[in-house]
Amino acid sequence: MTSSHWGAFEVDVRDERIVATRPFAEDPHPSAIPDILPQAVHHRSRVSRPSFRRGWLESRERTGRGGDTFVELPWDEALDIAAAEIDRVRKAHGNEAIFGGSYGWGSAGRFHHAQSQVHRFLNTIGGYVSSFASYSTGCAQAIMPHVFGVPFLQLNYEHQDGWHTIAEHTETLVMFGGVNPKNSQVSMGGVTRHETAGWFETFAEKGMRCVNIGPQRTDAPDGCEWMAVRPGSDTALMLALAYVLETENLVDRDFLGRCTTGYDRFRPYLLGETDGLPKTPDWAAPLTGVAADTVRELARRMATTRTLITVAWSLQRGEHGEQPFWMSAVLAAMLGQIGLPGGGVGYGYGAIGGVGKSFKGLRGVTFSQGQNPVTKFIPVARAGDMLRRPGEAYDFNGRRDTYPDIRLIYWAGGNPFHHHQDLNALHEAWQKPETIIVNEPWWTATAKRADIVFPATTPYEREDIGRSNFDDYLFHMPQLIPPVAEARDDYQIFAGLAERLGKAQEFTEGRRAGEWLRVLYHAYQGMARDEGVEVPDYEALQEKNWVRLPIQMEGPNRTLFAPFREDPEGAPLPTPSGKIEIFSATIDGFGYDDCPGHPVWLPPSEWLGTATAAAPLHLVSPQPGDKLHSQLESALADVEGARPETIVIHPKDAARREITTGDLVRVFNARGACRARARVSDDILQGVVALPTGAWFGDPGTNVDPDGNPNVLTRDVGTSRLGQGCSAHTTLVEIARL
């Protein structure tokens with residue numbers, strides 16, 4: 001048995017090869033992602049030996065990345081060359097010229113966590129330019145602390161109603177962006193019991209009204225009511241709901257007076273007194289596609305039942321993504337149910353498996369990254385701008401900074417040529433640094449665009465501990481097979497580099513990987529004991545393989561909003577006012593016209609309402625259902641008919657283009673083009689198409705990306721000067737048969 005970000009599963013090994021996997025017996029809805037694992041781990045696309053791009057090795061040439069050949073070298077020679085280059089850059093340009101890239105999803109194991117490993121190494125040699133937040137939540141992580149005063153991820157995992165609470169108390173569940181069990185297959189560090197779909201079966205049995213608001217019916221479980229809405233228009237719909245509440249005297253004015261600040265600044269905008277545009281349901285109807293009477297009926301239902309508003313992370317992955325997140329909090333405050341069990345607002349349900357689970361506080365196992373001496377960072381989605389515009393100023397969340405001049409990138413754990421936007425532009429920007437080093441098991445698009453590629457082990461080729469703060473299982477993850485070819489653990493790679501840079505003691509503290517596992521586990525065991533939780537010693541855990549910890553709350557939970565609601569003065573929120581900030585003087589003081597002092601409707605600059613004949617369809621790019629991000633893609637691409645990726649299109653849009661299910665199509669706009677295989681369905685709103693992320697980006701010179709990566713089409717612009725998140729869902733395309 002082992003664990004992963006998509007859950008636990010059994011593994012069969014024969015002759016030092018993984019030959020089969022089976023679901024974990026205690027998982028009620030196991031993920032099918034591990035089915036492809038035997039093929040992926042032993043795939044021909046594995047990086048076998050340390051490899052150097054020929055142009056870089058021979059002349060330090062930069063511009064051939066992605067189209068050059070590679071030269072394999074022995075490990076010692078490879079580490080010597082890489083260490084010398086790292087040393088040259090830090091001495092010549094300083095550590096602010098080094099960018100430490102990682103996305104944290106490389107392994108569910110807590111010691112061999114690629115992000116921790118690369119950051120610890122770079123910190124021991126003087127630091128690196130880091131990044132803030134993630135593509136999934138970067139915009140939300142900037143805006144929501146201004147509204148509620150707590151970090152956004154802490155809000156998601158610690159201060160929201162759990163599934164038990166929702167099942168017992170909620171009568172109306174209004175889901176902006178849906179709640180998708182497909183996405184909740186995965187969770188940071190692992191989700192052992194996949195329960196989202198089961199909870200919706202419970203909701204249906206109870207008679208709860210569940211409304212899925214979004215462009216796809218499939219963004220929520222079967223049985224949910226679908227309110228089809230145009231992408232990017234959610235804020236307009238929320239404003240129209242708020243208008244009904246205000247004008248029909250359905251607002252909880254006592255709650256607004258006691259627990260919020262700034263409604264008096266927001267109300268004139270809502271009623272149109274400041275801009276001459278009342279935010280009525282009739283105003284919103286042509287923007288959203290939702291009939292005015294439908295909006296009025298839903299608003300009245302929300303005001304007269306226990307209502308929980310949920311907002312998917314996907315809504316903040318679009319231009320002005322701050323606005324629907326902020327406006328959802330304002331709408332919930334107007335209803336006055338924040339702090340009541342099963343009422344108020346919550347974020348990220350279904351976006352990831354851990355949201356909705358309620359546990360007693362018990363942290364996981366952590367390998368310290370140390371302290372970064374370099375204070376400069378960028379918003380994570382601005383990596384392309386960083387490479388294109390060194391020295392240029394940019395705004396972010398009230399601060400003004402300049403992009404660093406990056407000379408060396410070290411990437412371990414992640415594939416930016418999967419998750420970044422406008423990949424053709426990123427490919428050009430990627431040619432600018434002097435050196436790019438990557439630790440990677442497979443020849444991904446990022447590895448192919450590196451100068452030095454170190455072959456890294458997969459989680460199945462090393463021993464580790466599986467434990468997430470958002471799960472109640474503890475795993476010993478045994479080494480299942482020897483390292484493939486000459487692959488090494490990230491820890492071994494960085495230890496070798498640290499030794500050559502005179503920092504071996506600082507990085508390893510004199511310990512091997514197996515010794516670190518025992519040290520970290522012993523510390524965890526002591527911490528658990530202090531919290532009243534007994535866990536077996538390390539040797540016993542090895543023998544047991546896994547244990548379930550008695551930390552899950554089986555009944556309704558109580559969030560920090562409950563005592564705040566009861567006594568706003570005695571239990572204030574950590575905002576400047578101590579209350580929910582409908583109007584933020586802090587944000588207003590930034591002077592951003594693209595994110596003013598209260599929520600507003602700001603039409604995206606590239607949006608369906610202003611579509612041209614060249615690109616009339618709105619593209620959404622959801623997470624894939626068959627893998628995590630782009631992991632395991634090499635083997636999935638071998639499955640007959642699996643590539644190019646499938647794009648979903650409405651029957652009327654398909655008929656107009658003479659497209660039928662199964663047709664190969666070209667999806668294109670001014671930024672790029674890709675192939676896809678069409679699936680015609682009325683589960684998507686007319687005028688919208690959906691192409692999942694995850695296909696590996698093609699080689700340079702390919703006019704049409706062959707496998708269907710939607711990020712050849714998406715825009716690389718920030719959500720606003722406040723959040724600077726990614727705007728992937730604000731994308732227009734055209735489709736034609738091939």
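Below, all heavy atoms of this structure are taken into account, side chains as well, without hydrogens, waters or symmetry copies.
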Thr660: what forms a side-chain hydrogen bond (donor to acceptor under 3.5 Å, both in side chains) with it, not counting sequence neighbours? Asp663
Sidechain-backbone polar pair: Asp653 side chain, Gly687 backbone, donor-acceptor under 3.5 Å: yes
Quick one: side-chain hydrogen bond (donor to acceptor under 3.5 Å, both in side chains) partners of Glu322, sequence neighbours excluded? Thr719, Ser720
Using a 3.5 Å distance criterion without hydrogens, assess whether the side chain of Arg230 forms a donor-acceptor pair with backbone atoms of Pro286. yes
Test your reading of the model: is there a side-chain donor-acceptor pair from Lys182 to the backbone of Gln623, 3.5 Å cut-off? yes
Hey, does the side chain of Thr661 reach the backbone of Val680 with a donor-acceptor pair shorter than 3.5 angstrom? yes
Is Thr294 reaching over with its side chain to a backbone N or O of Val290, donor-acceptor style, under 3.5 angstrom? no
Interatomic distance, Met208 atom CE to Trp199 atom CH2 [nearest 0.5 angstrom]: 9.5 Å
Name all residues meeting the side-chain hydrogen bond (donor to acceptor under 3.5 Å, both in side chains) criterion together with Asp716; count only those two or more places apart in sequence or in a different chain, and write none if there are none. Arg382, Arg388, His420
Glu633 with Arg643: basic N within carboxylate O range, under 4.0 Å: yes
Just wondering, are more than 12 heavy atoms of other shown residues or ligands nearer than 6.0 Å to NZ in Lys206? yes
Please determine whether side chain to side chain contact (heavy atoms under 4.5 Å, CB included) holds for the pair Phe255 and Thr260, giving the CA-CA distance in whole Å, both sets of side-chain angles, and the decisive distance to 0.1 Å. CA-CA 7 Å; Phe255 182 85; Thr260 76; 4.1 Å; yes
Under 3.5 Å, side-chain donor or acceptor atoms of residues 342-350 against the rest of the protein: list the pairs with distances, not counting sequence neighbours.
from	atom 1	to	atom 2	distance (Å)
Tyr347	OH	Phe325	O	3.2
Tyr347	OH	Ser328	OG	2.9
Tyr349	OH	Asp161	N	3.3
Tyr349	OH	Asp161	O	2.5

Measure the CG-SG distance between Leu173 and Cys224 for me, rounded to the nearest 0.5 Å. 7.5 Å
Looking at Glu658, is its backbone amide N or carbonyl O close enough to the side chain of Arg737 to form a donor-acceptor pair, meaning the two atoms are under 3.5 Å apart? yes
Report the C-alpha separation of Phe564 and Ile580 in whole Å, then their side-chain angles, then the decisive distance to 0.1 Å, and conclude whether the side chain to side chain contact (heavy atoms under 4.5 Å, CB included) test is met. CA-CA 10 Å; Phe564 164 70; Ile580 299 166; 4.0 Å; yes
Could you go through the side chain to side chain contact (heavy atoms under 4.5 Å, CB included) check for Leu691 and Val733 one step at a time? CA-CA 11 Å; Leu691 179 62; Val733 300; over 6 Å; no
Assess the side chains of Trp313 and Asn183: does a donor N or O sit below 3.5 Å from an acceptor N or O? no
With Asp594, which residues qualify under salt bridge (charged side-chain N to carboxylate O under 4.0 Å, His left out), at least two apart? Arg721
What is the distance from atom OG1 of Thr307 to atom CD of Gln337, rounded to the nearest 0.5 Å? 5.0 Å
Contacts of His5 meeting ring pair (Phe, Tyr, Trp, His ring centres under 6.0 Å) (sequence neighbours excluded), chain-then-number -> Trp105
Any salt bridge between Arg301 and Glu225, counting N to O under 4.0 Å? no
List in chain and number order the residues that pass ring pair (Phe, Tyr, Trp, His ring centres under 6.0 Å) with His598, two or more places apart in sequence or in another chain; answer none if no residue qualifies. Phe266, Tyr269
If you measure from OG1 on Thr196 to CD on Glu201, what distance do you get to the nearest 0.5 Å? 11.0 Å
With sequence neighbours excluded, residues passing ring pair (Phe, Tyr, Trp, His ring centres under 6.0 Å) with His418: His629
Can you give me the closest heavy-atom contact between His146 and Ala142, atom names plus distance? CD2-O, 3.2 Å
NE2 (His419) and SG (Cys726) are apart, to the nearest 0.5 Å, by 9.5 Å
Answer yes or no: are there more than 12 heavy-atom neighbours, outside Arg679 itself, under 6.0 Å from its atom CZ? no
Does Ala236 offer a backbone N or O that forms a donor-acceptor pair with the side chain of Trp283 under 3.5 Å? no
For a side chain to side chain contact (heavy atoms under 4.5 Å, CB included) check, start with the C-alpha distance between Arg715 and Leu732, then their side-chain angles and the critical distance, and finish with the verdict. CA-CA 9 Å; Arg715 302 175 68 219; Leu732 297 172; over 6 Å; no
Please give me the minimum heavy-atom distance between Pro416 and Leu426, naming the atom from each residue. O-CD2, 4.0 Å
Restricting to side chain to side chain contact (heavy atoms under 4.5 Å, CB included), what partner residues turn up for Leu664, sequence neighbours left out? Pro644, Arg675, Arg677, Leu738
Does the side chain of His618 reach to within under 4.5 Å of the side chain of Pro215, using non-hydrogen atoms? no
Considering residues, nucleotides and ligands other than Asp264, do more than 12 of their heavy atoms fall under 6.0 Å from its CG? yes
Grab the two heavy atoms, one from Asn212 and one from Trp226, that are nearest each other, plus how far apart they are. O-CD1, 3.4 Å
Is it the case that the side chain of Gln724 and the backbone of Asn397 share a donor-acceptor pair, with hydrogens and angles ignored and the cut-off at 3.5 Å? no
Could you work out, with side chain to side chain contact (heavy atoms under 4.5 Å, CB included) as the rule, every residue matching Arg253, not counting sequence neighbours? Glu246, Asn249, Val251, Tyr263
Under 3.5 Å: donor-acceptor pair, side chain of Gln421, backbone of Ala728: no
Who pairs with Asp707 by salt bridge (charged side-chain N to carboxylate O under 4.0 Å, His left out), at least two apart in sequence or on another chain? none
Contacts of Ala242 meeting side chain to side chain contact (heavy atoms under 4.5 Å, CB included) (sequence neighbours excluded), chain-then-number -> Leu270, Met327, Leu331, Met334
Indicate yes or no for a side-chain donor-acceptor contact from Gln185 to the backbone of Gly353 under 3.5 Å, with no hydrogens or angles considered. no
Residue of the set Ile647, Thr731, Val665, Val620 for which side chain to side chain contact (heavy atoms under 4.5 Å, CB included) holds with Val689: Ile647
Rounded to the nearest 0.5 Å, what's the gap from CG on Leu155 to CD on Gln160? Could you check? 4.5 Å
